[in-house]
Amino acid sequence: MQIMNTLLILLGCNLLSGALMSQERIVLHSQNSAIRLDLMINANGVVSYSVHYKDREVVAPSTIGFSLKKPAIELNAFECAGFDTASVNETWEPAWGEEKSIRNNYKQLVYKLTDKNGSGTRINLIFRIFDEGVGFRYEFPVQPALEHFIIGEENTRFHLGANHTAFWIPGDYDSNEYLYNTTRLNAISAFEASAKEPDIALKSPFHNRAVQTPLMLKTDNGLYINIHEAALLNYPAMNLVLNEDDYSFTSHLVPDAVGNKAYLQTPFRTPWRTIIISDDAREILSSRMILNLNEPSVIKDPSWIRPQKFIGMWWEMHVGKASWQKAGGKHGANTANVKNYIDFASANRFDGVLVEGWNEGWEDWFGNWKEDVFDFVTPYSDYDINYLTSYAREKGVRLIMHHETSGAVTNYERHLDTAFRLMRQLDINTVKTGYVGRIIPRGEHHDGQWMVNHYQRVAEKAAKYRIMVDAHESVRPTGLHRTYPNWMANEAARGNEFNNAPALGLTPEHETILPFTRMMGGPMDYTPGFFRFRLNQFDSTRKTRIRTTIAKQLALFVTMYSPLMMAGDLPGNYSLYPDAFDFIKDVPVDWDDTRILAAEPGDYVAIARKAKAREDWYIGLVTDENSRRLELNFNFLDPKSQYEATIYADAADADWNNNPAAYTIKKQHISARKKIKIAMAPGGGCAIVVRKK
């Protein structure tokens, strides 16, 4: 780190005289001067911060503090004990990702505080100011007055000061599988939104004005604001509770079984609270601030960690063709059926096959808060796991293990080493974990401190066995895939399985909101790629359907980033449109470069990505329920080269509701000087492959 010389201190800590002045203010600008942080402490010791973007106030003065249960003290008034400053400008390379390299450029301020109420407790505020926003965290250093302590609540405020438009889901301790709501702040009603969602297996809303992060906001004067957190470790997830009197949010941490928030020991640092700001929605999506606030990889040799595209013996259970349980005569994970999946994967250049329902226990797995459900090593008698793993290896394919815990996490932890040893013996190197239902230890929540620590333990244990992890029903991600690159993807939002949900399913705008919300924290296992839209293929009474066009399903492979990308539909359905399926077979899952071409939350997203170690670009465009025309500028291409684009577009009469399977494929010459207009149908999209000639 280099010492900064750009810190402006106005009426700062008067350390020479030992007297605290009536008002202290520290002002710090980002390198490009777009972001300004003001840190203040008044005569009563109340500390507040504010954030400006291009001289416009985004976060009005907002207070910080803690309520501790042990020791029972309120940390809400402080004396300044000094500060340290530093700056960093570096570039690092992820093991995989959306870019080959990432720049990390920030200024840092460590503001040292002592409790003014006499406890002697010391706490440091650490701010990092980036060109696109601010991250801050709390540090409890080693100190005589505080060693073991219990958090009652973290009292961080985000004072927005106006009735912005918000893209939100209800604050909830156990589920983030809600549809997004787009309302003004004063129209947030978490209980009403939750009541509309009968298809979610477990809900725990706690306050009518509570929302989850990442929270996306848009102001009336055209600013985009994203509030989330980074590096969530050994701490509960943060929800936000609105005070509609002044349009401020206060942090609310997920509690444990007895109502406490976190059990800690000094030294300790909380997760970062992140505020990303821009007047261009594209810059929200291109920000890597959350990743940069996470620690570097703990895995020194990540060469065994590899992005994969795969299919799953999964969707046929959702649409009624098969079942997870062996009882009943419709068991999907039988040897002959999975062998067909392996053959399909091999013939179409997929890396793997996910198999759900392979192991004993599915007859009594959900809804009973039962601890001993699965042992994660015993296959059903009609599933020859040794033969299938050997057969897959011969075909150049790997099976992907499924570990559904049914929420019985203590049971999973007891079996974890044995289960991972079996995977390594079988040369299976990827696991999809699941946490459907109420958590055991009983009374814990999916997003509380205990479970946050569990997800980390699984990632660390998996790394020892050289296993990659895809976690479902987990806490929402916060950029930890930088630190644990084997923890490659999460569900942690409403994914495509909800297309079969009887009540609400997925709406066309959902894929235009997720990149600005859930995906700000990390990749999502969204399982795109559906070619059959009415889900009555095996049960004529089903009314559920997928609100999309084929062209949009192709585009989602680009816009919904994941290094573990599963094509969701049944193998047989891909034969309906083999020329469209060519795009799915070809699209990569690892990238050297990413460009956000156009974006507006809730309306549309257009993203271009350059394939890893190749000159090919892949472009995805998606729209909401409205038809739309977007102009694409190809100035990101090499200006000295000529290219050919293969364009998979909605046909002129395509419509998600009336004609979802109508698409066209055409080729067109492209150069860096070229601009083309793309028309998207209601609920539609477009996918483009650009290759150098």
Side-chain angles (χ1 to χ4, degrees), residues 1-7 28-37 49 51 53 83-111 124-139 213-214 224-233 269-278 280 282-302 305 477-488 515 519-523 561 563 590-596 609-610 612:
M1 290 187 178
Q2 299 175 342
I3 299 298
M4 298 187 305
N5 56 16
T6 55
L7 182 66
L28 189 62
H29 291 85
S30 61
Q31 295 286 1
N32 66 359
S33 298
I35 302 292
R36 189 184 92 207
L37 169 73
Y49 73 96
V51 180
Y53 175 81
F83 58 85
D84 293 324
T85 61
S87 66
V88 165
N89 188 0
E90 64 183 7
T91 300
W92 59 278
E93 293 189 0
W96 46 264
E98 298 175 82
E99 295 96 4
K100 184 177 182 179
S101 63
I102 295 174
R103 187 185 180 202
N104 186 22
N105 184 19
Y106 63 84
K107 299 177 182 179
Q108 178 170 289
L109 168 70
V110 180
Y111 195 54
N124 298 329
L125 272 173
I126 305 174
F127 285 89
R128 289 183 181 174
I129 298 87
F130 297 79
D131 286 345
E132 69 262 46
V134 173
F136 64 95
R137 76 191 323 179
Y138 304 90
E139 179 183 50
T213 71
Y224 301 88
I225 308 165
N226 187 277
I227 301 175
H228 190 31
E229 57 183 325
L232 174 60
L233 294 169
R269 292 180 173 181
T270 70
W272 297 93
R273 280 63 190 96
T274 62
I275 308 167
I276 300 172
I277 312 161
S278 181
D280 186 338
R282 295 176 299 173
E283 293 181 352
I284 300 294
L285 299 186
S286 63
S287 171
R288 299 295 176 256
M289 192 180 92
I290 288 174
L291 261 183
N292 281 324
L293 287 168
N294 279 267
E295 295 298 314
S297 174
V298 298
I299 299 174
K300 302 307 179 184
D301 176 17
I305 302 172
T478 59
L480 284 167
H481 53 289
R482 179 185 182 185
T483 309
Y484 301 99
N486 68 312
W487 187 359
M488 301 181 75
M519 297 189 71
M520 292 296 294
Y561 171 66
D590 199 14
W591 309 98
D592 272 344
D593 198 2
T594 291
R595 306 294 177 93
I596 312 301
R609 303 189 194 272
K610 184 176 179 293
K612 177 69 69 177

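All values reported here derive from a predicted model rather than from experimental measurement.
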Give the C-alpha distance, both sets of side-chain angles, the deciding distance and a yes or no for side chain to side chain contact (heavy atoms under 4.5 Å, CB included) between Ile225 and Ile275. CA-CA 7 Å; Ile225 308 165; Ile275 308 167; 4.1 Å; yes

Can you list the steps and then say if Asn486 with Ile299 is a side chain to side chain contact (heavy atoms under 4.5 Å, CB included)? CA-CA 8 Å; Asn486 68 312; Ile299 299 174; 3.5 Å; yes

Run Glu99 and Arg288 through side chain to side chain contact (heavy atoms under 4.5 Å, CB included) and show every step you take. CA-CA 10 Å; Glu99 295 96 4; Arg288 299 295 176 256; 2.8 Å; yes

Is there a side chain to side chain contact (heavy atoms under 4.5 Å, CB included) between Ile277 and Ile35 once you walk through the steps? CA-CA 8 Å; Ile277 312 161; Ile35 302 292; 4.2 Å; yes

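A salt bridge is defined here as a Lys NZ or Arg NE, NH1 or NH2 lying under 4.0 Å from an Asp or Glu carboxylate O, and Glu98 with Arg609 meets this definition.
Side-chain contact check for Arg128 versus Val88: every heavy-atom pair is 4.5 Å or farther apart. Counting only heavy atoms from C-beta outward, the side chains of Tyr49 and Leu37 approach each other to under 4.5 Å. Side-chain contact between Tyr53 and Ser278 is present, with heavy atoms from C-beta onward closer than 4.5 Å. Ile102 is not listed as a side-chain neighbour of Thr91, based on a closest heavy-atom distance of 4.5 Å or more. Contact of the Tyr106 side chain with the Ile129 side chain is not registered, since no non-hydrogen atoms from C-beta on lie closer than 4.5 Å. Between Asn104 and Phe130 the shortest side-chain heavy-atom distance falls below 4.5 Å. Leu28 is not listed as a side-chain neighbour of Arg36, based on a closest heavy-atom distance of 4.5 Å or more. Counting heavy atoms from C-beta outward, Asn292 and Trp92 have side chains that approach closer than 4.5 Å.
More than 12 heavy atoms of other residues, nucleotides or ligands sit less than 6.0 Å from atom NZ of Lys612. Annotation: Glu90, atom CD; neighbour count of heavy atoms from other residues, nucleotides and ligands within 6.0 Å is above 12.
A distance below 6.0 Å separates the ring centres of His481 and Trp96. Close placement of the Phe136 and Phe127 rings is indicated, their centers lying within 6.0 Å of each other.
In terms of modelled atom types and a separation under 3.5 Å, the side chain of Thr483 and the main chain of Glu295 share a donor-acceptor contact. At least one donor-acceptor pair closer than 3.5 Å links the side chain of Thr274 to the backbone N or O of His228. Judged by distance alone, the side chain of Asp592 and the main-chain N or O of Lys610 form no donor-acceptor pair under 3.5 Å. Proximity of a side-chain donor or acceptor of Asp590 to a complementary backbone N or O of Pro563 within less than 3.5 Å is not detected. A donor-acceptor distance shorter than 3.5 angstrom exists from the side chain of Thr478 to the backbone of Leu232, with no hydrogens or angles considered. The closest donor-acceptor contact from the side chain of Asn105 to the backbone of Asp131 lies at 3.5 Å or more, if one exists at all.
Between atom OH of residue Tyr561 and atom OG1 of residue Thr594 there is a gap of 8.0 Å, rounded to the nearest 0.5 Å. With rounding to the nearest 0.5 Å, the separation of NZ in Lys107 from CG in Leu109 is 11.5 Å. Between the CZ atom in Arg269 and the CG atom in Asn124 there is a gap of 8.5 Å [rounded to 0.5 Å]. Atom CD1 in Ile284 sits 9.0 Å away from atom OH in Tyr224 (nearest 0.5 Å). For the atom pair CD of Gln108 and OG1 of Thr85, the computed distance is 9.0 Å after rounding to the nearest 0.5 Å.
Between Ala95 and Pro302, the shortest heavy-atom distance links the atoms CB-CB, 3.9 Å. For Ala230 against Leu293, the heavy-atom pair with the smallest separation is CB-CB, 3.8 Å. The two residues Arg137 and Pro271 make their nearest non-hydrogen contact at CB-O, 3.5 Å.
In this structure, Arg482 fails the cation-pi test against Trp487, since its NZ or CZ atom is not both closer than 6.0 Å to the six-membered ring centre and inside 45 degrees of the ring normal.
In this structure, a donor-acceptor pair under 3.5 Å is present between the side chains of Ser287 and Glu132.
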